[in-house]
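Each residue takes its place number in the sequence, starting with 1. Just the heavy atoms: all of them, side chains too, but no hydrogens, waters or symmetry mates, feed the values below. Just follow the structure's listing: the first ligand is 1, and inside any ligand the first atom is 1.
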Amino acid sequence: MNSSRTGLRRAALVVLSAALVATAAGTAQAHPGKAGPAKGHHDDKGHHHGKGHPKPAASLRDLADRRHVLIGTAVDTTALAEDSAYRATTAREFSSVTAENVMKWEVVEPERGRYDFSAADELVRFARAHGQQVRGHTLLWHNQLPAWLTEGVADGSIDAKELRKILREHITAEVTHFKGRIYQWDVVNEVFEEDGSLRDSIWLQQLGPSYIADAFRWAHKADPKAKLFMNDYNVEGVNAKSTAYYELAKKLRAQGVPVQGMGVQAHLDIQYGFPTDLAANLARFDRLGLQTAITEADVRMFTPSDPAKLARQASDYRGLLAACLATKGCASFTVWGFTDKYSWVPGTFEGEGEANILDADFRHKPAYAALREELAKRH
Ligand code: XIL
């Protein structure tokens, strides 16, 4: 091989790896070739490290790697495309990503049989480029369904037999498309009511309770290696709803249905008490042989925040992570977005917000420090 070309290539590689190191150290804006922060940086407490060789603070993902857990975030793919600070933070801090919306039915199958995976594919590409795993969310839900489906069921043009076929085709197409690239799938999302009865969705109404086992079987057939999860909110503690999941998992596994995990969303609100029995709840799924995951953590409050609210929020985030770390089968902890700049909370819960670990300017909030401390603890 021509040696000057080899030399060039090597130089290019050095520049590239220096740039990667710089990104990993949290200085995405650093010049290629200048590894590490050029002018020093501020740590969490605002101390300035100006002289010598400042050691960049470990990112959440650095610390999580050492604990052999994945730390994830939901990703708003519009922000990912348009906001470079958002992009750099996603790459630096997280080892797992979940599509906040772009793997949902209304996005991937906007017309019957016409699939659009373009936005989701972008995210999967981003994850691959940054050494991140991808959580799949979600195959079956009662929300964010396309109009052709809900209207077809409502006007009777889609009968039960047809709906079952539509569901099978959708699950098969989506799981097959991402085969080998998704480590956990939320196969069914939010299928129980608070009292532990099955949610009165079009799925239950049209197909009866067997749709759940069907969904898992179809997903497993399309990608036998992906870990298949149930996922819900208000299932942090031991209560009627989480017990319904526990009983369902037990029953399905006894029947040989491929259910491998329980996802606990963990959308908390500081006006309520922290679910102190979270670890006990995760432990019972552990004993059943199921994996567990915190899948959508955020901790909202009535705005504006104040130091006491932020401290309570930090304590809640810490408690969620600690319970996962204490559970053998809890291998991933995902936040539902990481910056207050992009969050579903203000649009969903009136008067509430500031639910994330970074503020709208990407500054670390006490909750970020709490997660970092918890991950860094000796165990
Ligand atoms: C939310 C998204 O964050 C919003 O952008 C969207 O408008 C509605 O859905 N439980 C879930 C998630 O399983 O899919 C939801 O995500 C939040 C609640």
_Atoms in ligand 1 flagged as close to Glu100, the criterion being non-hydrogen separation under 4.0 Å_ = 2 (C), 3 (O), 4 (C), 5 (O)
*asked:* Ignoring hydrogens and geometry beyond distance, is a side-chain donor-acceptor pair present between Glu190 and Gln265 at under 3.5 Å?
replied: yes
*Return a yes/no value for Asn231: is any of its N or O atoms, backbone included, closer than 3.5 angstrom to an N or O of ligand 1?*
no
_Checking side-chain polar atoms at under 3.5 Å, does His177 have a donor or acceptor matched by the opposite partner on Asp121?_
yes
*asked:* If I apply the N/O under 3.5 Å rule, does Trp344 come out as touching ligand 1?
replied: no
*asked:* One residue to check: Thr138. Relative to ligand 1, which of side chain, backbone, both or neither has a non-hydrogen atom less than 4.0 Å away?
replied: neither
*Is it the side chain (CB and beyond), the backbone, both or neither of Trp336 that lies under 4.0 Å from ligand 1, heavy atoms counted?*
side chain
*Under a 4.0 Å N-O cut-off, is there an ion pair linking Glu354 with Arg300?*
no
*Under-4.0 Å heavy-atom contact with ligand 1, by part of Asn101 that carries it*: side chain
_Heavy atom of the protein closest to atom 8 (C) of ligand 1 (residue, atom name, distance)_ = Gln144 OE1, 3.4 Å
*Between Glu194 and Lys241, is there a side-chain N and carboxylate O pair less than 4.0 Å apart?*
yes
*Using a strict cut-off of less than 4.0 Å between a Lys/Arg side-chain nitrogen and an Asp/Glu carboxylate oxygen, indicate whether Asp316 and Arg312 qualify as a salt bridge.*
yes
*Pull out every atom of ligand 1 sitting under 4.0 Å from any heavy atom of Lys104, numbered as shown with elements.*
1 (C), 2 (C), 9 (O), 12 (C), 14 (O), 15 (C), 16 (O)
*asked:* Looking at ligand 1, would Trp141 count as a contact under a 4.0 Å heavy-atom criterion?
replied: yes
*For ligand 1, which atoms sit closer than 4.0 Å to a heavy atom of Glu296?*
10 (N), 11 (C), 12 (C), 13 (O), 17 (C), 18 (C)
*Please indicate whether Arg128 has more than 12 foreign heavy atoms, meaning atoms of other residues, nucleotides or ligands, lying under 6.0 Å from its CZ.*
no
*Does one side chain, of Gln260 or Gln291, offer a donor that lies under 3.5 Å from an acceptor on the other?*
no
